Amino acid sequence: MKVLVTGGAGFIGSHLVDGLMESGYEVRVLDNLSAGSLDNVKHWLDNERFEFIKGDMVDLETVKKAIEGVDVVFHLAANPEVRISAQSPETLYESNVTITYNLLEAMRNSDVEYLVFTSSSTVYGDAEVIPTPESYGPLKPISVYGGAKLAAEAIISGYAHIFGFKALSFRLANIIGKRSNHGVIYDFINKLRKNPNELEILGDGTQRKSYLHVSDTVEGMLHIFEHFKKSGETYDVYNLGNDDWITVKEIAEIVSEEMGLSPKFRFTGGVDGGRGWKGDVKLMLLDIGKAKSTGWRPKMNSYEAVRRTVKELLEG
Ligand SMILES: O=c1ccn([C@@H]2O[C@H](COP(=O)(O)OP(=O)(O)O[C@H]3O[C@H](CO)[C@H](O)[C@H](O)[C@H]3O)[C@@H](O)[C@H]2O)c(=O)[nH]1
């Protein structure tokens, strides 16, 4: 079976590539290397089952070429920064909606059977039900990023029903681990390397979210994909996260402890009631009952995943 991973040189994408290669798939990666790095997949470059294409999905012809001969597409290429919603909405639209539309247009006349998409917990906005199940609605994202992910989910479902392929969306919690090059843990480590005496925390530090290690994420995606293939469904959605959650202040404490530091915490206060930035969801915990009903379980909880990630990022 031949698989295309868009964004396969990125953080989650490269770990997924590892999982697929280890399972014996033929894997092609399409990545524009804007945020990803060849370094993340360099250990596969000499493998005859692996192929790398540097290209931008904004160009439809590039996408059409990349899906030639492919049975399954894992679509992970995206700009993951919720925080640029206010400054660069057009970037988020292009890198989440336009390129997904191009992929779907390319798939119309192709033999691709399955599309797996990484959506986000941010589609739920400030959910009134916590833990939030997939059936929660109406969905009111509070960031352009979350809106763009929801738009992408919606057109994927529409194309799947009209053009005869099957599609699966994962609404991911905050995914962390080795090779991540953005996000709260990465930021805290960099800030403390610059100034070990003081740590700036955006918002009021009470933002509480669920974090899932990338190893559990990839295991979940591959496990649930197999389950989905047997289900006969045209389109389905699964939350992927943890059963617990952790505050930003607790993350700051774990990062400081692992670095052997006791910095003074300086809270910026943030916006809109202590959020790090406009559109930052303050409380996020997904109901992962549906994912668990397939037999998948996260091996690390949010606290363990955070500690492990700090160690991994410090090791470099
Ligand atoms: O220097 C910092 C950086 C972040 N934060 C806080 O830490 C929390 C987490 O922020 P991240 O940037 O790590 O992650 P987000 O919650 O914004 O979003 C992440 O998780 C989402 C899903 O839950 C999306 O998938 C998205 O792509 C991914 O970056 C936020 O409340 C933020 O305010 C700080 O206090 N200080």
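This one's a predicted model, so the numbers in the text were calculated from it and none came from an experiment. Both ligands and their constituent atoms are indexed starting at 1 by order of listing.
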- Item | Residues in ring pair (Phe, Tyr, Trp, His ring centres under 6.0 Å) contact with Tyr145, at least two apart in sequence or another chain | none
- Task: Below 4.0 Å from any atom of ligand 1, which residues have a heavy atom? Give them in chain and number order, please.
- Result: Pro80, Val82, Arg83, Ser120, Ser121, Tyr145, Leu172, Ala173, Asn174, His182, Gly183, Val184, Asp187, Phe188, Lys191, Ile201, Leu202, Gln207, Lys209, Tyr211, Val248, Gly276, Trp277, Asp280, Met284
- Indicate whether the side chain of Tyr186 and that of Thr309 have a donor and an acceptor atom separated by less than 3.5 Å. no
Can you list, pair by pair, the side-chain donor-acceptor contacts under 3.5 Å of residues 217-228, counting residues two or more places apart and other chains?
unit_1, atom_1, unit_2, atom_2, d
Thr217, OG1, His213, O, 2.8
Glu219, OE1, Lys299, NZ, 2.6
Glu219, OE2, Lys299, NZ, 2.8
His223, NE2, Thr294, O, 2.6
His223, NE2, Thr294, OG1, 3.4
Glu226, OE2, Tyr25, OH, 3.4
Glu226, OE2, Lys229, NZ, 3.3

- Task: Could you note down all residue pairs passing side chain to side chain donor-acceptor pair (under 3.5 Å) where residues 60-78 supplies at least one of them, sequence neighbours left out?
- Result: Thr6-His75, Asp59-Thr62, His75-Thr100
- Item | Pair Lys178 + Asp18, salt bridge at N-O below 4.0 Å | no
- Message: Using 30° and 60° as the class boundaries, would you call the ring planes of Phe163 and Tyr159 parallel, tilted or perpendicular?
- Response: tilted
